[in-house]
Amino acid sequence: MLVRSALPWVRRGSRRDAGRAAPERPRAALRYRAPALLGATLALLLGCSGAAQAPPARAARVVKTPPAQPKAPEGPPLLPAHVIAELEDEDATPYLARRGDEALLLYAAGGRWRTRVLGADGAPRGEAMEAGPAAADVPVAALRATPQGYIAAWIEQAEGSRAVRVLALDPAGKPVAPASLVAQTAEEITWLDVLPNAAGALVLWEMPREAPGDVDSVDVVMTVVAPGKGAASKPTAPASVAREVLGWHAVATERGAAVALVLPPAAPPPRAERKPARKADAEDAAEAGKLGSIALLEIDAAGKVSAPVAVSPEPTAQIDLEIAAVGGRYLLTWTDERDIDSAVYLAAVEPGGKVVVAPRQATPPSGEQALVSLVAPAEGGGRALLAWEDLLRARGGDREGGGAEARGAGRLIHLASVGPDGALSAERAALVFSASGPPDLAADGDGFAAVTLAPATLKADRGGTAAPPVWPTFVRFGPDLSVRAAEPVRAAPFAATDGVPYLVRGLTCHKGACATLASAAAGAGAQPGGAGRAGAAGARAPLALVSLPVRESAWRAPAFREDRDPPPRATAVRALVEGDHIARVAAAELDGGAALAAWVTYFVEGASDGAPRGQDLSATLAVRAASPGGLGKLNVLSQKASSLGGVAIAAAPPPPADPKGKGGAAPGESVIAWVARERGETQVYVTKVDATGAKIAQKKLTTAARKKPGGAPSEASDVAIAYDGAGGFIVAWVDTRDGNAEVYAARIDRALNRTAPDRRITNAPLDAAEVQIAVRGQEAWLVWSDARPAGDGASGGPSGGAGGPSGEASGDVFLARLDAKTLQRIGDEARLHASPEHSRSPVLAPLEGGVVVGWVDEPAGDSAPGEGAPAGGIARFVRLDNSGAAQGPPVAVAGPDGAPVSSVALACDKVCRGVLASAPGDSVVLNALTLSPGDAAAPSLKPLAWLTGAASQDVSPAFAGRSGASLFFADDSASGSGRVRWMTIAWP
């Protein structure tokens, strides 16, 4: 399957890091368009542009059906269609332009241009008419309606020369005069467009240039085409519009045209503060130079060019800029990188150049985001259509009851109408698109229409095992973006291939009637059940105009109203930092809906050469505040942290006032526990920070001797911390000072002074790991993963006391209850669940009457999975009462479609809310779940977001607070750099 756009598309993401090697992605990355962006107007208003020989970066908006398809569903009727021509080349590009109730078709056959007039119903009016010679190599062409008839323009390539020709046609498609040669050069000409106005038309084209620093740019050139005597047209000599711009896009107006530009920065931009300190290289500078500022200029009907007006002076815009005329203003939109995550920005400018809506983010933060299209309203309409894509959103096939339900059905394109004030409508829709590039979108009276590529399923089909065919499908949207109609594009001229054409292009709508051009492969029909390409030599490809009516349909629509999506759902996603990969994330809730997130980066000891001479650098420990009002300052607390040490954070309530009315400490204080590595040794540290994340105090918690003669030095790792409810904090960690890894704990006051000595909690023959802590009243509850074998003396959990089979050590989750003041153990340790799997990554959350503990079970070595555990591993959750006794067996939760679970986050208030990270294929998806008291069945999962990082990444999800409304996690950007993200979630 291939979608080819009139606009060039390459990989999206942070362009500064685009050259770096990135993990393999499970789907096509978001894309941005290469220089010279003028195709959208042509593709949307004229139907199609480009030709079969068009360069890959300038191919037309074409939907190509995959050659091999499952058997087609039977029963639904075909769409009305008229065969209007036969193409000598199945990939040749026809051009269609509407003029009132009629339309004109332009195509090449037998070395000649041919035209044919079509009626309002799409039926041909008479035979095709010759319009002049057609060169063998025409990479790009355009056809537009004018008050006098039509204007066609194209680029010819022959023997190293490039030429631009213009041809005027009367309303019947007859040439007014032979085609005029406008320009001829040995240089490249890569794109052109025709922009009609009340007095004639402007023809604009682009010529690539290579600017200093290996930054691609283009010159924009124009000619004026005005009616002459006897309706003959005489183009003017070529004139410059703009030189060495990074990108451009133009829109026709009654007065001439408006051209939006992406201008290169005057000087290399300073390194953004959001970037952590790291070694800069030439690649960074080159990629930063490909971002630019936004400007606008106007051209009158006589070809006079105004001075550019700055719209967005910051050099942060990608080159996917688009412009549309909406309500007497120019609406500009682009993908912007002024923040860590790229986002779609909007601005509005009045004719004459006054900026009336300053650049602003179009939608709430949603992670990395990219512009797809801006569709101008229909003639007399009031609102445009904005289409964009979020990387961190559920895919099209993961939504129940809306669109295609097959997993991995495709990308999800978001749609919203937008007015001249730049404000998006509250109504939102989503469109499934199973290809790269953009779908074909057009204004449809008071609504909009789309031709997309999506799995074709019947409403009556409720989940067969066979994968559905992927076909071109049209969708008609109402003004509120509700789905009026949707069907696959199937018509009688393509009966040999189940009615499905080989290529679909040129969506066009007029007075509420929509149609699209569709063509078969030459000699198609050799492959039942699909759109084959087999054909005899000399066979022609039929070209049809297929009507897209609003009617009752048995087909399921590949689109749905997104604003009606019930919770749980992600409401916003923001990045807190970009830089090195992230090893561990922790979070704590503050007053007023604010939160603090802390993280430690991934660092392999001895494998980095980034440390300056004489400095002992390891992982970076940082913290940042996040609130509904925005993000606070990024605070780097240390560059000597240990990745294996992890990080944990606990917030303390404001201390009570003393008898004189003075508080004992400032409100909003939190303590971060982490592990530092100095001179090759690790020790546990605690750092007190204020509500902004700024460091107040810091102390070393452990002073254990780490170097052992003749043996490996001991290590501290896996820290945890909790507020003890009495003005202090309890810290737990894993330590190997006594040989194997054991759990230790200590108690400190608000001043970080130790109030109880280090206490060893466990005493087992094998290693403990990943301790977590929660305080309930006068008790501290610890859970951890322990590799001790069966029969070690620990009390049995809800599944008995056996560990692995035959007493082997497989790793199970254990619980210990401590006196919060003395840290003395209360009762025996308890094994919460015994299974042959390796139990790891425990989490626990206090709940009224006890706690809920969750963990991940995954196969241990070659052992067979336990009951209810798929080969890839699952999550388990168990509720414990006040005495630590299990209230029933653990609830097993598998990843969607059996995908292996990698980590879980848990927050409990009246109910427990969780996020489960699983890895279907090569990526990670976050799924929401709810556990109500007394539930014994596994909860259902709903996808929140597909992440951009690789499946091997531990995203370390962590909730801030008991409501589960704020989730922090690690992810890699589309370019491969590490990021910490903050997601807000709406729950039922």
Side-chain angles (χ1 to χ4, degrees), residues 2 4 6 8 36 39 42-43 46-62 64 84-97 104-116 128-144 150-169 173-175 177-194 203 205-208 221 223 235 238 502-503 505-506 517 519-523 533 535-543:
L2 172 67
R4 297 184 303 197
L42 187 64
L46 301 187
C48 17
S49 43
Q53 299 84 6
R58 282 291 180 183
R61 201 168 255 152
V62 176
K64 182 181 291 185
I84 56 177
E86 288 187 342
L87 304 178
E88 293 179 346
D89 183 346
E90 61 193 19
D91 291 314
T93 303
Y95 305 91
L96 182 72
L104 185 70
L105 174 70
L106 173 70
Y107 64 102
R112 309 287 293 179
W113 286 112
R114 298 179 185 272
T115 63
R116 196 171 194 181
M129 181 185 305
E130 286 194 9
D137 190 356
V138 178
V140 180
L143 175 69
R144 283 294 190 94
Y150 301 89
I151 294 289
W154 63 87
I155 302 170
E156 294 180 357
Q157 294 189 163
E159 299 179 354
S161 175
R162 284 82 175 170
V164 175
R165 294 188 185 272
V166 174
L167 175 64
L169 303 164
K174 181 180 178 180
S180 300
L181 177 65
V182 175
Q184 188 164 9
T185 177
E187 298 181 85
E188 287 288 337
I189 302 175
T190 53
W191 188 248
L192 113 169
D193 196 7
V194 177
V203 179
W205 64 91
E206 71 177 23
M207 304 176 68
V221 187
T223 184
Y502 168 59
L503 294 177
R505 71 187 92 202
L517 292 171
S519 59
R533 293 195 54 178
R540 292 175 177 267
L543 175 70

Do you know the tightest heavy-atom contact between [X] and [Y]?
X: A520; Y: Y502; result: C-CB, 3.7 Å
X: D137; Y: P139; result: O-CD, 3.6 Å
X: V140; Y: T190; result: CG2-O, 3.8 Å
X: L167; Y: A179; result: CD1-N, 3.8 Å
X: E90; Y: A541; result: CA-CB, 3.9 Å
X: A131; Y: L169; result: CB-CD2, 4.3 Å

Query - For E88, salt bridge (Lys or Arg N to Asp or Glu O under 4.0 Å) partners two or more places apart - result: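 Counting only residues at least two positions away or on another chain, E88 forms a salt bridge (Lys or Arg N to Asp or Glu O under 4.0 Å) with R540.
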Taking side-chain hydrogen bond (donor to acceptor under 3.5 Å, both in side chains) as the definition, give me every residue that meets it alongside [X], ordered by chain and number, with sequence neighbours left out.
X: S161; answer: Q184
X: R116; answer: none
X: W154; answer: E156

Requested in this report: Evaluate the criterion side-chain contact (heavy atoms from CB on, under 4.5 Å) for residue pair R144 and D193; output intermediate values, then yes/no.
Outcome: CA-CA 9 Å; R144 283 294 190 94; D193 196 7; 4.1 Å; yes
Query - side-chain contact (heavy atoms from CB on, under 4.5 Å) evaluation trace for V194 with V166 - result: CA-CA 9 Å; V194 177; V166 174; over 6 Å; no
Do the side chains of [Y] and [X] get nearer than 4.5 Å, heavy atoms only?
X: P175; Y: E130; answer: no
X: T223; Y: V164; answer: no
X: K174; Y: T115; answer: no
X: S180; Y: R165; answer: no
X: Y150; Y: L106; answer: no

Query raised in the report: Less than 4.0 Å between a side-chain N and a carboxylate O, is that true for E187 and R162?
Result: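 Result for this pair is no, no salt bridge flagged.
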Query raised in the report: Just one of L87, D89, T93 clears the side chain to side chain contact (heavy atoms under 4.5 Å, CB included) bar with D91, so which one?
Result: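 Among L87, D89, T93, the one that satisfies the side chain to side chain contact (heavy atoms under 4.5 Å, CB included) with D91 is D89.
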Query raised in the report: Roughly how far apart are L105 CG and I84 CD1, rounded to 0.5 Å?
Result: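 Between atom CG of L105 and atom CD1 of I84 there are 4.5 Å.
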Requested in this report: Would you please name every residue forming a side chain to side chain contact (heavy atoms under 4.5 Å, CB included) with A108, sequence neighbours left out?
Outcome: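 Listed in chain order: W113, A134.
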